[in-house]
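See structure below.
Model, not experiment: these values are computed from the prediction. Quick note on labels: first sequence line is chain A, next is B, and so on, each numbered from 1.
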Protein chains: 2
Amino acid sequence: MSEQITPLEQNPEGIDFLPGLAMDFVIFGYHQYQLKILLLEYRNTDLFALPGGFVKTHENLNDAARRVLAERTSLTNIYLEQFYTFGDLDRYDQAPMRTIMQAKGLVPTDEHWLLRRFISVGYYALIDFTKAVPTPDPLSDTCTWYDLDNLPGLMLDHTNIVQKALQTLRADLDRKLIGYDSWAAPLLAKTFTMADLQKLYETILGQKLRRSSFQRKMLSLDILDRLEKQYSGGAHKAPYLYQFKQ
Amino acid sequence: MSEQITPLEQNPEGIDFLPGLAMDFVIFGYHQYQLKILLLEYRNTDLFALPGGFVKTHENLNDAARRVLAERTSLTNIYLEQFYTFGDLDRYDQAPMRTIMQAKGLVPTDEHWLLRRFISVGYYALIDFTKAVPTPDPLSDTCTWYDLDNLPGLMLDHTNIVQKALQTLRADLDRKLIGYDSWAAPLLAKTFTMADLQKLYETILGQKLRRSSFQRKMLSLDILDRLEKQYSGGAHKAPYLYQFKQ
DNA sequence: TTATTATTGTCTCACTTTGGAACAATAATA
DNA sequence: TATTATTGTTCCAAAGTGAGACAATAATAA
């Protein structure tokens, strides 16, 4: 984890970064049937924003995404997908960034690189929100999980970015039923019941699924190992535990 | 169609454009069961490349894409989708651009903006190649259709970009069975037979489809109006003609 | 005029997938 | 011992798909 970036105060030109290019992250956090996303808040401004970042001049775009993601969450090896690049002019509004900079004691000179127009590459990630250590960036004061269906108003076009990310995540889930270990495994305990897995799907898709069909489909995919039963303490039959194969 | 861009020779800094940001276009051309893509060639260099372009400082990203597409093909109102943004460092190789600039009589100074690193937003388009007027850009000498399964070697990572575009187009075709008038209609005559429509699908997907299943599915979608029969001159039953509803 | 040929529109049948309910099994509790 | 909630599985009807069959029919050949 390298934080070798020149501090903002000493870097009025943004010289370490590719100019005019940003990344915005929709970091979905799942745990126990809850889906949240990570937002930054700027103190004394009432402004909320998606975590974002910039690309260093000698860094691959996707590596930059992983670096920033690690800075905000302390996590590496995360399921991460690029989903759209946002470049409308109407997302170029200096007002909120001026407010943020002033609240931070920075001087928003007209030429400051943070006030220029940015094209932003959107990424979404999916992690277990209990495993992350949310960390504000140099401009923000808090970095917190918010319930997806109860988000505060967001800066600029960030609400739109969240919508598109969610849409893409759900579509990806439907078809790319591949690579479970890369995305689903980190969101569940090492062993889990079929109900746990189904709830994970239902939470992400935002809709109920049929129990028998879900079980049939999952078992037919040949990705699960069935283990011993789980004596859970509930007044009912004990479910089997599963884990992902290999 | 505005070509208000300062000519390359007088614009060594690329001042009209967002720095470091490019677009690459995979323009699929269909006609009569053939699928081609549009490539630029640079004379005396043996270099082939995808059409590309830059974003003006006061232009929406997607508007820039439509502008460049119109410049290369003379077509507006085209089916156009953004599919991925490419930002690896290994696509930053000055050699081919130096060759191209020298062949054009330009001086590739070390500071020339065209020799800097670019992040590139990839778009794909789908048009009838008989309706386009391919037009080279200021750096290239020819702009020509090439059979998709017989492409020359391409500059930098452009072969990779084509692969990803084709993958996305095919996946989009499978699910977004919606909005036929926006993409399929411009590729067919005003009226067409079921065989014409099936061949269009087969050509794009690169595989045969079952005739009876295809007919059944298309009719069930309720997007076609059946017209009179077509007496085609072939030694067989005359097929019905169809057109897209509304 | 008649037979031949290629293609079309539709149908059939087997097979698979899915939705939805039913049912016995069973771990805890009353 | 009866009750309760949940589980694993089965069943059946409905819907969808793959593969082939078949009659209809324009043009051509005999």
Side-chain angles (χ1 to χ4, degrees), chain A residues 32-33 170-171 173-178 180 184 188-245, chain B residues 32-33 170-171 173-178 180 184 188-245:
Chain A
Q32 291 270 306
Y33 325 145
R170 286 176 173 167
L173 211 59
D174 264 354
R175 42 193 103 95
K176 294 197 214 160
L177 286 168
I178 237 148
Y180 283 86
L188 297 167
K190 206 168 343 190
T191 64
F192 48 87
T193 66
M194 193 59 77
D196 291 332
L197 187 57
Q198 183 173 345
K199 285 274 180 58
L200 169 59
Y201 267 80
E202 291 178 339
T203 307
I204 294 176
L205 293 176
Q207 61 180 14
K208 287 271 168 201
L209 301 175
R210 267 144 287 278
R211 191 173 62 90
S212 61
S213 305
F214 185 82
Q215 171 126 342
R216 184 167 43 191
K217 166 140 297 190
M218 284 300 143
L219 292 180
S220 77
L221 288 176
D222 197 38
I223 53 166
L224 297 177
D225 280 328
R226 176 176 284 182
L227 310 174
E228 79 285 5
K229 290 196 172 187
Q230 181 186 50
Y231 294 78
S232 58
H236 53 75
K237 186 173 175 179
Y240 286 109
L241 287 174
Y242 296 88
Q243 64 185 17
F244 289 108
K245 281 196 174 181
Chain B
Q32 292 273 307
Y33 325 145
R170 286 176 174 167
L173 210 59
D174 264 353
R175 43 194 102 96
K176 294 197 214 159
L177 288 167
I178 238 150
Y180 283 87
L188 297 167
K190 205 167 344 189
T191 64
F192 48 88
T193 66
M194 193 58 77
D196 291 332
L197 186 57
Q198 183 173 344
K199 286 273 180 57
L200 169 60
Y201 267 79
E202 290 179 338
T203 307
I204 294 176
L205 294 176
Q207 60 181 13
K208 287 272 170 201
L209 300 175
R210 266 145 287 278
R211 190 173 62 91
S212 60
S213 305
F214 185 82
Q215 171 124 343
R216 184 166 45 190
K217 165 141 297 188
M218 284 300 144
L219 292 181
S220 77
L221 288 175
D222 196 40
I223 53 167
L224 297 177
D225 280 327
R226 176 177 284 183
L227 311 175
E228 79 285 6
K229 290 197 172 186
Q230 180 185 50
Y231 294 78
S232 59
H236 54 74
K237 186 172 175 178
Y240 286 110
L241 287 175
Y242 297 89
Q243 64 185 17
F244 290 109
K245 281 196 173 179

Q) Once you round it to whole Å, what is the distance between P of C:dT8 and CE of B:Met218? A) 16 Å

**Q.** 5' precedence on DNA chain C between A:His236 and B:Leu219 (nearest-nucleotide basis)
**A.** B:Leu219

Q.
Tell me if the aromatic rings of B:Phe192 and B:Tyr240 count as close, with their centers under 6.0 Å from one another.
A. no

Q) Does the A:Glu228 side chain pair with the main chain of A:Leu241, one donor and one acceptor, at a distance under 3.5 Å? A) no

Q | Watson-Crick or G-U counterpart of C:dT10, or none if no pair lies under 3.5 Å | A | D:dA21

Q: Measure from CG on B:Leu221 to C1' on D:dT17 and round the result to the nearest Å.
A: 15 Å

Q. At under 4.0 Å, does any side-chain N or O of A:Arg210 touch on OP1 or OP2 of C:dT17?
A. no

Q: Report the distance from atom CZ of B:Arg226 to atom P of C:dG9, rounded to the nearest whole Å.
A: 6 Å

Q) Atom CE of B:Met194 and atom P of C:dA6: how far apart are they, to the nearest Å? A) 23 Å

Q) Taking the side chain from A:Gln198 and the backbone from A:Leu209, do they hold a donor-acceptor pair closer than 3.5 Å? A) yes

Q) Should C:dA30 form a Watson-Crick or G-U wobble pair with both distances under 3.5 Å, which nucleotide is its partner? A) D:dT1

Q: Ignoring backbone atoms, test whether B:Gln215 places a side-chain nitrogen or oxygen under 4.0 Å from the OP1 or OP2 oxygen of C:dT8.
A: no

Q: Would you mind reading off the distance between A:Leu209 atom CG and C:dG20 atom P, rounded to a whole angstrom?
A: 12 Å

**Q.** Euclidean distance, atom OH of residue A:Tyr240 to atom C1' of D:dT6 [Å, nearest integer]
**A.** 14 Å

Q) Any chance the side chains of A:Tyr242 and A:Asp196 put a donor and an acceptor closer than 3.5 Å? A) no

Q.
If you go through the side-chain atoms of A:Arg211, does one of them form a donor-acceptor pair with the base of C:dG20 closer than 3.5 Å?
A. no

Q: Could you work out which one of C:dT26, C:dA27, C:dT8 sits closest to the side chain of A:Lys237?
A: C:dT26

Q | Phosphate contact (D:dT17 OP1 or OP2) by B:Ser213 side-chain N/O below 4.0 Å | A | no

Q: May I ask you to verify whether the side chain of B:Arg216 and the base of D:dG18 hold a donor-acceptor pair under 3.5 Å?
A: yes

**Q.** Between C:dG9 (C1') and B:Gln198 (CD): distance, integer Å
**A.** 13 Å

Q: Considering just the side-chain nitrogens and oxygens of A:Lys217, establish if one lies under 4.0 Å of OP1 or OP2 belonging to C:dT18.
A: yes

Q: Specify the separation, in whole Å, of atom NZ of B:Lys199 and atom C1' of C:dT7.
A: 11 Å

Q | Plane angle bin for B:Tyr201 and B:Tyr180 - parallel if under 30°, tilted between 30 and 60°, otherwise perpendicular | A | tilted

Q: Give the nucleotide from the list C:dG20, D:dA19, D:dT7 with an atom nearest to the side chain of A:Ser212.
A: C:dG20

